[in-house]
Number of protein chains: 2
Amino acid sequence: MDTPPPTDQQPCPDDILAQSAALMSSQGYHGTSMRDLARTTGRSLSGLYHHFANKEELLYLINQRGFSPLLANAERLRSEYRSGNGRPVAAAPASAALLCDLIGSHLGYFGSHLNEMRVLMFGTQPMSSAHGKAIRQLKERYTEIFKFAVGQYIETRREAATAIEIERKTYLLFGMMNWIFGWYSFDEHGPAEALAEEIYTTFTKGCLALRPAAALDE
Amino acid sequence: MDTPPPTDQQPCPDDILAQSAALMSSQGYHGTSMRDLARTTGRSLSGLYHHFANKEELLYLINQRGFSPLLANAERLRSEYRSGNGRPVAAAPASAALLCDLIGSHLGYFGSHLNEMRVLMFGTQPMSSAHGKAIRQLKERYTEIFKFAVGQYIETRREAATAIEIERKTYLLFGMMNWIFGWYSFDEHGPAEALAEEIYTTFTKGCLALRPAAALDE
DNA sequence: GCCAATCCCGAACGAACGTTCGGTCTGTCA
DNA sequence: TGACAGACCGAACGTTCGTTCGGGATTGGC
């Protein structure tokens, strides 16, 4: 109508999103003011509102644009795995490759988008219910892919696991991968690919262990 | 002098800290106002300042009081391990017990202090430099204990690992343990002890694998 | 019965917040 | 050349923020 129709047609410039993510990743959403963002992006306070409707939508855009490539990549890997299935002989190596590639994709993207990932992990709570739901659905779809891969890896190697056991183990894997936000730096810890391989090895070696306590499954 | 000398002598009531931690864990430090805290704790806005000097000190107290018991417990476990050493025959089971107990202590405390742990993970950045440094030192001492345990576990089982490899593996362990803040609930996932056992098994089985890529160690 | 200490409150302070409004500048296309 | 749209700005709006101030209850020791 009169005010700039915000989001989709005229996309918010990437440099604004990147610099906002950098600021918010260290100060949090509520701890970062629009004036901070204006100063950092070299724009005026009111000029920012030309690119998004309000602060909360900016947070949504950081989440959405930061997470979408990661999800798209994971969905591609899964569909490749599915289309290459039907040959039961190669099932075990195929499921291993899927899991390994997913971990590699995740850590590779994480390592080069640390700020966005930090913002992503702070949660959807400051977002409007519509935006929050949209981001949570992206995360759920992503989690489902990893659960699928973990389940495939286990059941091509030993008897199938229960859904709750697969979920738990998937969360442990996410823990190892996502926790790097607090400590990983390329200079100190080397390339993300090598780290991905270590996580893959650690997880798969531990993953196949028999269930340690039946108490966990009701 | 005139204003209430804040911290140590007359400790801040535990219920204020607990309710503040609950609020801050879901809204973040900057997203939680003093008026929110007053409403939740059933006190007046100005009445809160009788118990701490300012909002930032409240955050420090949540961190300090929340983390100290965990650190104390870990230090007790390590000193028990050290005093029981000197019998090289039992070295391997002893180091396994240390690691297992540490994980159990961590998850047990986490599971019953989820709010405080969430606040703890949001970081020391909003704190003054003095308070931030104090909390960071507590975390470092705690991390050192886990590095020590992981190192002991490895070198009583195979040739010793490099310091950087021990550090990396310790961080993977912390990742599995701390990531539960996002998904763990007693009702869905059972008691923390069983989860601790699963993490211990997963980690130790994967931990002893040979270094997957020499690229990680310079 | 009094004093001091502790705990707590209502009301207000200045500063910072997210957002809006009217206007300018810089192209592009007719 | 003129009209128009997109990108941007300075100044201000009303609200909320963290913090302070003067004072009122309640309590325990003397």
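Within every chain, numbering begins at 1; the chains are lettered A, B, ... in the order of the sequence lines, protein sequences first and strands thereafter.
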Beyond-backbone contact of B/K169 with B/I166, side-chain heavy atoms, under 4.5 angstrom: no

Rounded distance (Å) that lies between atom P of D/dT16 and atom CZ of B/R39: 11 Å

For B/S26, side chain to side chain donor-acceptor pair (under 3.5 Å) partners two or more places apart: none

Integer-rounded Å distance: D/dT20 P and B/N54 CG: 8 Å

Pairwise side chain to side chain donor-acceptor pair (under 3.5 Å) hits with a residue in residues 113-128 of chain A, at least two apart: A/S25-A/N115, A/E56-A/S128, A/T124-A/R136

Test item: side-chain donor near acceptor, B/N178 and B/H106, under 3.5 Å: yes

Could you run down the sub-3.5 Å N/O contacts of the protein with nucleotides 10-14 of chain C?
from, atom 1, to, atom 2, distance (Å)
C/dG10, N7, B/S46, OG, 3.4
C/dG10, O6, B/S46, OG, 2.4

Partners passing ring-ring contact (aromatic ring centres under 6.0 Å, His included) against A/H30 (at least two apart in sequence or in another chain): none

Between D/dT19 (P) and B/L58 (CG): distance, integer Å: 10 Å

A/Y184 ring center within less than 6.0 Å of A/F110 ring center: no

Charged N-O contact under 4.0 Å between B/R78 and B/D101: no

Rounded distance in Å - OH (B/Y49) to P (D/dG18): 7 Å

Distance, rounded to the nearest Å, where B/H51 contributes NE2 and C/dC7 contributes P: 7 Å

Interatomic distance, A/L59 CG vs C/dT19 P [rounded to whole Å]: 12 Å

Working for ring-ring contact (aromatic ring centres under 6.0 Å, His included), residues A/F52 and A/Y60: CA-CA 10 Å; A/F52 43 85; A/Y60 168 73; over 10 Å; no

Nearest-Å distance for atom pair CZ/P, residues A/R43 and D/dG10: 14 Å

Check: B/F174 ring centroid to B/F146 ring centroid under 6.0 Å: yes

Nucleic acid contacts of residues 14-33 of chain A, taken as heavy-atom distances under 4.0 Å to DNA chain D: none

Integer-rounded Å distance: D/dG18 P and B/L48 CG: 11 Å

A/K133, NZ atom: more than 12 neighbouring heavy atoms under 6.0 Å: no

N or O in side chain of B/H50 less than 4.0 angstrom from C/dC8 OP1/OP2: no

Axis deviation across the helix from C/dC2-D/dG29 to C/dA30-D/dT1, five-pair ends, to the nearest 10°: 0°

Flag side-chain contact, heavy atom, 4.5 Å: B/L70 against B/L138: no

